[in-house]
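Here is the structure we will look at, set down as structure tokens.
Ligands are counted one by one from 1 in listed order, and the atoms in each one are counted from 1 as well. Excluded from the calculations below are hydrogen atoms, water molecules and symmetry mates; all remaining heavy atoms, backbone and side chain alike, are included.
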Amino acid sequence: MKDLCCLNGRIQPLEEARIDPLDRGFLFGDALYDAVRVVEGTILHLDSHLARLQGGLERIDIDVPVGLASNCRQLVAASRLETGYLYLQVSRGVAPRSHEPPGDITPTILILAVAHSFAAPASRAMRAISRQDDRWRHCDLKTTSLLGAVMGKIEMRDAGVDEVLFVGDQGQVREGGSSNIFVRHGDVLETHPADGRILEGITRGILLELAEQIGLPCRETPPLLSERQEWQEAFLCGTLTGVQPLVELDDEPVANGVVGAWTKQLAEALEKRNRNDS
Ligand code: PDD
């Protein structure tokens with residue numbers, strides 16, 4: 001693979017790409033991003049990722065760039081990325097530093113091609129810690145301002161586990177630092193509603209569809225930490241994560257540390273869907 005990126009529509013060696021220090025993405029985190037899986041040179045669910053990115057950009061009044069999909073495809077071809085992901089970032093652009101953005105500003109568009117090998121479906125037993133969710137109220141915007149997540153990830157790293165789960169005041173399990181979560185409880189899959197407290201994951205959305213097709217009942221309701229002894233299984237999901245079982249939370253096993261049947265079923269269904277889409 002060649003280390004290339006696409007900056008403002010121009011494919012170039014990553015080491016030569018330069019971003020202006022006055023870029024509002026750098027100074028203010030005034031930017032959104034997305035991450036899209038690439039398998040055997042095929043970009044998975046690109047339309048859904050671009051729709052989320054574009055919807056977010058419209059909400060924060062950044063001009064939606066044209067040609068993103070073709071830039072993505074050109075970069076995969078030019079870099080010969082086989083398996084990994086594309087990182088797309090759109091910032092408001094370059095302007096003299098002022099909180100208030102100018103009206104006429106051209107967005108900065110960066111796409112990185114990143115080689116990455118993904119764990120097989122339901123193969124990685126994940127351990128997590130829970131932490132009070134002190135992020136902001138717009139977690140549905142995939143902003144590059146990720147300090148809340150980064151602080152959680154530092155605690156995760158120091159605890160020697162694989163994910164941090166953000167939890168509301170009433171013990172509502174919201175999502176991971178970079179993943180969504182589903183819990184099987186009373187033979188219903190529970191996952192936090194997409195109400196601005198979580199990122200509405202593309203993988204989460206596909207899994208809700210697949211669960212319905214398979215006939216696994218789902219409810220968009222927050223799993224509760226207070227009920228964790230009753231969880232029959234739990235799994236994390238995301239573009240980079242796929243579907244992986246959560247086997248331990250805060251040093252205690254989840255569902256006796258056993259990988260659940262619904263987790264395996266959905267992990268395989270997702271894998272199949274990804275293969276069919278590619
Ligand atoms: N993150 N929740 C959060 C906070 C996330 O950062 C992510 C993914 C998800 C899963 O969303 P999706 O299924 O659309 O990937 C949920 C990406 C992978 C990242 O930050 O790199």
E155 versus I129: any side-chain heavy-atom pair under 4.5 Å?
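In contact.
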
Determine whether L189 and V183 make a side-chain contact, defined as any pair of heavy atoms from C-beta on separated by less than 4.5 Å.
no

Would [X] count as a contact of ligand 1 if the rule is a heavy atom under 4.0 Å away?
X: G205; result: no
X: Y85; result: no
X: G177; result: yes

Ignoring hydrogens, what is the shortest heavy-atom contact between W262 and L216? Give both atom names and the distance.
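The pair with the smallest heavy-atom distance is CE2-CD2, 3.6 Å.
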
Restricting to non-hydrogen atoms, name the atom on C237 and the atom on V243 that form the minimum distance, rounded to 0.1 Å.
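What the structure gives for the nearest pair is CB-CG2, 4.3 Å.
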
Hey, looking at [atom], which of [options] has the closest heavy atom?
atom: atom 8 (C) of ligand 1; options: K142, H45, H49; answer: K142
atom: atom 12 (P) of ligand 1; options: T241, T239, D140; answer: T239
atom: atom 13 (O) of ligand 1; options: V36, T203, I181; answer: T203

Side-chain donor-acceptor pair under 3.5 Å between [X] and [Y], yes or no?
X: H45; Y: N274; value: yes
X: E40; Y: T83; value: no
X: Q132; Y: D169; value: yes

Would R131 count as a cation-pi partner of F166, with NZ or CZ less than 6.0 Å from the six-membered ring centre and within 45° of the ring normal?
no

Could you tell me the residue and atom name of the protein heavy atom closest to [atom], and the distance to it rounded to 0.1 Å?
atom: atom 11 (O) of ligand 1; answer: G201 CA, 3.4 Å
atom: atom 18 (C) of ligand 1; answer: L240 CG, 3.8 Å
atom: atom 6 (O) of ligand 1; answer: S178 CA, 3.4 Å
atom: atom 20 (O) of ligand 1; answer: Y33 OH, 2.6 Å

Within the 4.0 Å heavy-atom cut-off, what S179 brings close to ligand 1 is backbone

Applying a heavy-atom cut-off of 4.0 Å, say which part of Y87 lies close to ligand 1: side chain, backbone, both or neither.
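No part of Y87 comes within reach of ligand 1.
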
Close-contact set for ligand 1 against G238 heavy atoms, below 4.0 Å:
10 (C), 13 (O), 15 (O)

List ligand 1 atoms under 4.0 Å from G176, heavy atoms only on the residue side.
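Those atoms are 4 (C).
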
In sequence, state the C-alpha distance, the side-chain angles, and the governing distance for R127 and D162, and then conclude on salt bridge (charged side-chain N to carboxylate O under 4.0 Å, His left out).
CA-CA 5 Å; R127 298 160 62 228; D162 311 293; 5.2 Å; no

Parallel, tilted or perpendicular, judged at 30° and 60°: which one describes the rings of Y85 and H116?
perpendicular

Quick check: [X] and ligand 1, any N/O pair under 3.5 Å apart?
X: E175; answer: yes
X: R52; answer: yes
X: I202; answer: yes
X: R204; answer: no

Side chain to side chain contact (heavy atoms under 4.5 Å, CB included) between E252 and Q229, worked out:
CA-CA 10 Å; E252 299 281 341; Q229 298 304 334; 5.5 Å; no

